Amino acid sequence: MRRTRILTAVLALAAGLLAGTPPALAADSTAKVSLAADTYTWKNARIDGGGFVPGIVFNRKEKNLAYARTDIGGAYRWQEPTKTWTPLLDSVGWDDWGHTGVVSLASDSVDPNKVYAAVGTYTNSWDPKNGAVLRSSDRGASWQKTDLPFKLGGNMPGRGMGERLAVDPNRNSVLYLGAPSGKGLWRSTDSGVSWSQVANFPNVGNYQQDPSDTSGYASDNQGVVWVTFDESTGTSGNATKTVYVGVADLQNSVYRSTDAGATWTRLAGQPTGYLAHKGVLDTAGGYLYLSYSDKGGPYDGGKGQVWRYATASGTWTNISPVAEADTYYGFSGLTVDRQKPGTVMATAYSSWWPDTQIFRSTDSGATWTRAWDYTSYPNRANRYTMDVSSSPWLTWGANPSPPEQAPKLGWMTESLEIDPFNSNRLMYGTGATLYGTENLTNWDSGGQFTIKPMVQGLEETAVLDLASPPSGAPLLSALGDVGGFRHTDLTKVPSMMFTSPNFTTTTSLDFAETNPNTVVRVGNLDSGPHIAFSTDNGTNWFAGSDPSGVSGGGTVAAASDGSRFVWSPDGAGVQYTAGFGSSWSASSGIPAGAVVESDRVDAKTFYGFKSGKFYVSTDGGATFTASAASGLPSGDSVRFKALPGVKGDVWLAGGATDGAYGLWHSTDGGASWTKLSNVDQADAIGFGKAATGASYQTLYTSAKIGGVRGIFRSTDKGASWTRVNDDAHQWGYTGAAITGDPRVYGRVYVATNGRGVIYGDTSDTSGGGGGTDPTDPPDPAPTGACAVTYKITNQWSGGFQADVQLANTGSSAWSGWTLAWTFPHAQTVSQTWNAETTQSGSAVTAKNVGWNANVAAGSSVSFGFTGSWSGTNGKPTAFKLGDRSCTVA
């Protein structure tokens with residue numbers, strides 16, 4: 001099924017920025033600002049993938065140094081020791097949210113510590129800011145930025161072509177960047193600090209996906225799309241003479257300079273009628289390989305070819321793996337084996353049905369073999385096996401009929417790279433994950449090679465809603481493209497997304513506050529119902545019926561006891577039902593498109609908001625009445641929630657910079673509101689477990705407070721706020737949803753537009769579970785079996801980061817734990833989170849903090865630390881819980 005990157009969160013943000021608002025209500029004069037800081041540990045609720053990976057870049061000088069780019073979720077660096085990815089752009093802040101879209105990456109082959117990223121999400125008005133080139137001299141750990149005088153489009157049509165950004169392999173102070181929107185070719189001669197247009201480059205491109213699109217999205221000129229250097233035409237310290245450039249022009253797609261960019265000419269004899277998606281040079285063989293499609297991708301493409309250009313003679317040869325007449329797709333993914341000249345691979349990126357195709361040649365394209373072939377239609381013979389046990393949801397819960405298979409080999413396969421140091425390793429990106437193999441050459445010997453997800457740590461989903469029920473799974477999520485998940489363990493990938501039905505995008509979900517087994521979700525689907533229900537806390541689902549006219553999910557609310565539901569779908573007015581949606585009735589008194597929520601105590605009370613007006617129903621959603629309150633935000637970039645356990649206690653966040661914008665509180669069901677004077681702006685509000693001694697639940701918000709944008713927590717009903725994130729952890733746009741955990745004090749779940757579900761845990765051991773009291777006797781040592789998983793998650797010269805998971809594999813709960821181990825190579829711990837550590841020589845002891853002391857049988861607890869090492873960084877081989885030895889996983 002075709003799956004697309006969504007724009008919902010971005011469009012909501014854009015609407016909020018543009019909307020006007022009336023004067024605000026009088027503010028609460030008693031509120032105060034207290035921007036205390038807290039130390040939080042931030043992680044992803046593991047999904048492993050979920051979005052489009054249009055680019056993979058291996059460094060040509062250093063083994064195992066690789067990067068991946070995503071269209072809306074930032075860039076990542078490969079960690080070979082753990083086979084995981086580390087995010088590099090979490091420091092992108094709210095105002096620069098568009099810089100989470102990465103249109104191109106370049107890794108410096110002269111100085112591998114240097115890496116560059118061309119960033120910007122949209123070239124039209126959806127992204128208000130211009131693009132930028134980010135440069136790093138520490139492999140993406142920190143960045144410097146140069147703003148560009150034009151926009152870049154990491155999530156625009158044509159984003160799978162490339163790479164647009166390239167470093168001269170002989171004189172690494174020289175970089176080129178291909179720009180969209182008719183802005184041409186750009187060059188830097190000072191390692192990306194400053195840029196100027198290459199004035200004599202003859203073609204700025206002219207290809208538009210859809211010239212009639214008035215939004216500017218599909219009608220943008222896709223521009224200059226890739227740059228490739230011929231390193232054999234330069235010497236160290238001198239600019240490379242021969243440079244090839246790809247342009248989005250069906251008649252004139254490839255240009256060359258032979259004098260280091262002084263002059264440019266159209267490459268004679270080139271194919272026409274196609275766009276060159278990639279141009280990959282095999283200098284050992286003397287060939288420039290080009291993959292062509294009749295469209296820019298990543299979704300479209302009906303015809304394609306693959307060509308080989310002999311750089312010495314100028315001879316063009318059509319080496320297409322399939323005759324043009326037999327293609328119904330374009331070619332894009334393209335790579336050569338640097339260890340084995342003449343080995344080249346390409347993908348049929350836009351072959352949606354029955355599957356994508358990957359082609360391989362070991363004789364420079366003279367002959368090809370395929371990843372799969374038909375035996376007798378519709379049966380297939382695959383040269384590969386697929387193991388998705390680490391991300392089992394990649395099957396989509398499907399059981400398709402041949403020739404389709406589950407999981408699919410892929411779709412939108414525009415990135416494809418053979419490791420330049422390892423002929424057996426291949427990585428390729430799809431619309432949902434990053435796959436790879438480490439026994440690729442089995443292909444050539446007639447054996448099967450194994451494809452697995454190589455995506456752990458790379459989290460790219462757009463999150464639209466979050467819920468943390470008081471019992472059952474700690475986290476339910478509503479996501480774009482992959483629907484959503486039920487997380488019973490945040491550190492593990494769920495076995496499946498929500499199914500029956502599979503929404504392409506889940507737009508809203510809710511649970512019954514006093515009966516959390518009852519859950520409802522709504523979403524988008526090309527054909528079929530747009531609402532689903534669960535009676536077992538989201539484990540299993542069944543579809544409801546749609547009222548007439550429904551075209552999309554909208555928002556939904558469950559009564560506090562699960563007896564009824566109110567739904568505000570796209571394409572129809574607000575509806576209500578008793579039971580599980582077998583029939584619906586139109587609500588009166590509330591406009592179509594209103595955001596709806598439920599009171600968390602009174603099962604017959606529901607709330608709505610639309611265009612500055614708050615609405616209340618006390619008869620189960622049958623009729624709504626507009627509140628007389630004024631001064632609320634006039635636009636529709638608003639999110640509100642009712643507090644669990646207190647009838648009529650409602651918090652509302654939202655607004656726009658040119659009007660009312662902030663956080664409001666009502667204690668009378670929306671009849672009147674108080675605006676918090678200590679909150680400048682707020683975009684989402686949520687609740688979590690109250691702090692020790694507090695009588696009110698903890699508030700969490702994505703907001704601007706005291707002039708600072710961030711994620712904030714309040715344990716005193718909004719009188720004071722603590723910023724819980726920091727400048728290194730911002731994740732661009734975080735305004736779609738936020739919620740605390742009702743069972744774990746300090747834990748907050750944050751929705752991002754491209755970095756998945758982020759959750760944070762506090763180091764404040766006194767807030768929710770109480771700190772340690774030296775006058776209290778120690779807790780008894782835990783009994784029963786235990787298991788430990790020790791992982792090095794990052795390593796650098798002299799330093800490393802590790803995560804430890806301690807599992808209670810016995811039959812009784814622990815009420816406190818102490819774990820001991822000895823480092824084998826005299827490593828030392830420097831900083832710890834989610835535990836307290838002491839060290840004597842090589843012996844380390846880690847003890848629980850207040851909030852994670854209790855570990856139920858069958859459950860686990862995790863903590864992490866940074867440390868130093870010298871010579872060797874071996875893992876501990878034995879762990880003890882008290883006097884009991886743990887199994888080491």
Side-chain angles (χ1 to χ4, degrees), residues 464-478 484-488 498 500-501 503 506-523 529-545 553-569 574-585 587 594-608 616-622 624 639-651 669-670 685-689 697 737 739-743 749:
L464 301 184
D465 204 1
L466 295 170
S468 184
S471 62
L475 179 65
L476 305 172
S477 58
F485 291 89
R486 178 180 189 262
H487 271 89
T488 57
F498 298 141
S500 302
F503 296 146
T506 299
T507 57
S508 175
L509 57 81
D510 195 15
F511 63 90
E513 188 67 40
T514 61
N515 181 19
N517 280 336
T518 298
V519 188
V520 61
R521 60 184 167 94
V522 293
H530 295 80
I531 189 167
F533 300 91
S534 172
T535 57
D536 56 8
N537 194 241
T539 303
N540 298 286
W541 296 86
F542 58 92
S545 63
T555 58
V556 70
S560 60
D561 63 358
S563 61
R564 64 192 68 234
F565 303 88
V566 171
W567 183 16
S568 178
V574 177
Q575 309 281 322
Y576 72 98
T577 185
F580 292 108
S582 58
S583 63
W584 295 88
S585 301
S587 302
V595 176
V596 295
E597 296 282 357
S598 66
D599 191 87
R600 310 310 281 181
V601 175
D602 187 338
K604 288 192 175 182
T605 297
F606 290 83
Y607 306 110
V616 182
S617 171
T618 58
D619 57 6
F624 282 81
R639 293 159 186 85
F640 68 92
K641 288 183 180 179
L643 187 79
V646 183
K647 180 181 178 180
D649 194 311
V650 187
W651 291 79
I685 184 69
F687 316 109
K689 183 178 180 180
Q697 292 187 40
T739 185
D741 191 308
R743 290 170 273 187
Y749 303 98

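A quick note: this is a predicted structure, and the numbers were derived from the prediction, not measured. Heavy-atom basis, side chains included; hydrogens, waters and symmetry copies ignored.
Two residues are said to be in side-chain contact when any heavy atoms from C-beta on lie closer than 4.5 Å; Pro742 and Phe687 fail this criterion. Put simply, the side chain of Phe640 reaches to within 4.5 Å of the side chain of Val595, judged on heavy atoms. Contact annotation: the side chain of Thr518 approaches that of Phe565 to within less than 4.5 Å [non-hydrogen atoms, C-beta and beyond]. Looking at heavy atoms from C-beta onward, Arg743 lies out of side-chain contact with Pro470 at the 4.5 angstrom threshold. Considering only heavy atoms from C-beta on, Val520 stays 4.5 Å or farther from Leu509 through its side chain.
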Query raised in the report: Can Tyr749 and Leu475 be said to form a side chain to side chain contact (heavy atoms under 4.5 Å, CB included), step by step?
Result: CA-CA 8 Å; Tyr749 303 98; Leu475 179 65; 3.9 Å; yes

Requested in this report: Determine, stepwise, if the pair Asp510 / Ser598 fulfils side chain to side chain contact (heavy atoms under 4.5 Å, CB included).
Outcome: CA-CA 9 Å; Asp510 195 15; Ser598 66; 3.7 Å; yes

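Using modelled atom types and a 3.5 Å distance limit, the side chains of Ser617 and Asp619 yield a donor-acceptor pair.
Taking Ser468 as the reference, nothing meets the side chain to side chain donor-acceptor pair (under 3.5 Å) condition, with sequence neighbours excluded. For Ala532, the side-chain contact (heavy atoms from CB on, under 4.5 Å) partners are Pro501, Phe503, Arg521, Trp541, not counting sequence neighbours. In this structure, the side chain to side chain donor-acceptor pair (under 3.5 Å) partners of Asp561, at least two apart in sequence or on a different chain, are Ser563. Legend: residues meeting side-chain contact (heavy atoms from CB on, under 4.5 Å) with Ser568, ordered by chain and number and at least two apart, are Thr555, Val574, Val596. Residues that satisfy the side-chain contact (heavy atoms from CB on, under 4.5 Å) test with Thr539, not counting sequence neighbours, are Arg486, Asp536. For Tyr607, the ring-ring contact (aromatic ring centres under 6.0 Å, His included) test picks out Phe614, with sequence neighbours left out. Residues satisfying the side-chain contact (heavy atoms from CB on, under 4.5 Å) criterion with Thr535, sequence neighbours excluded, are Phe542, Phe580. In terms of the salt bridge (Lys or Arg N to Asp or Glu O under 4.0 Å) criterion, Arg564 has no residue partners (sequence neighbours excluded). Listed by chain and residue number, nothing satisfies the side chain to side chain donor-acceptor pair (under 3.5 Å) test with Asp465 (two or more places apart in sequence, or in another chain). Residues satisfying the salt bridge (Lys or Arg N to Asp or Glu O under 4.0 Å) criterion with Asp599, sequence neighbours excluded, are absent altogether. Residues satisfying the salt bridge (Lys or Arg N to Asp or Glu O under 4.0 Å) criterion with Asp602, sequence neighbours excluded, are Lys647. Under the rule for a ring-ring contact (aromatic ring centres under 6.0 Å, His included), Phe511 has no partner lying at least two apart in sequence or in another chain.
Heavy atoms only, all atoms of each residue included: Ser587 and Gly621 are closest at OG-O, 2.6 Å. Listed here is the closest heavy atom pair of Thr739 and Leu466: CG2-CB, 4.0 Å. Across Gly688 and Gln697, no two heavy atoms sit closer than the pair O-CB, 3.4 Å. Here the closest heavy-atom approach between residue Ser471 and residue Asn537 is recorded as O-ND2, 3.6 Å. Between Asn540 and Ser534 the shortest heavy-atom distance is O-OG, 2.8 Å.
Between Tyr576 and Phe606, the gap from one ring centroid to the other reaches at least 6.0 Å.
Note that CD of Gln575 and CH2 of Trp567 are 8.5 Å apart. Values are rounded to the nearest 0.5 Å. Rounding to the nearest 0.5 Å gives a distance of 8.5 Å between CG of Leu643 and CH2 of Trp651.
At distances below 3.5 Å, at least one donor-acceptor pair connects side-chain atoms of Ser545 with backbone N or O atoms of Ser582. Side chain of Thr618 to backbone of Thr605: no donor-acceptor contact under 3.5 angstrom is found. A donor-acceptor pair under 3.5 Å is formed between the side chain of Thr514 and the backbone N or O of Ser560.
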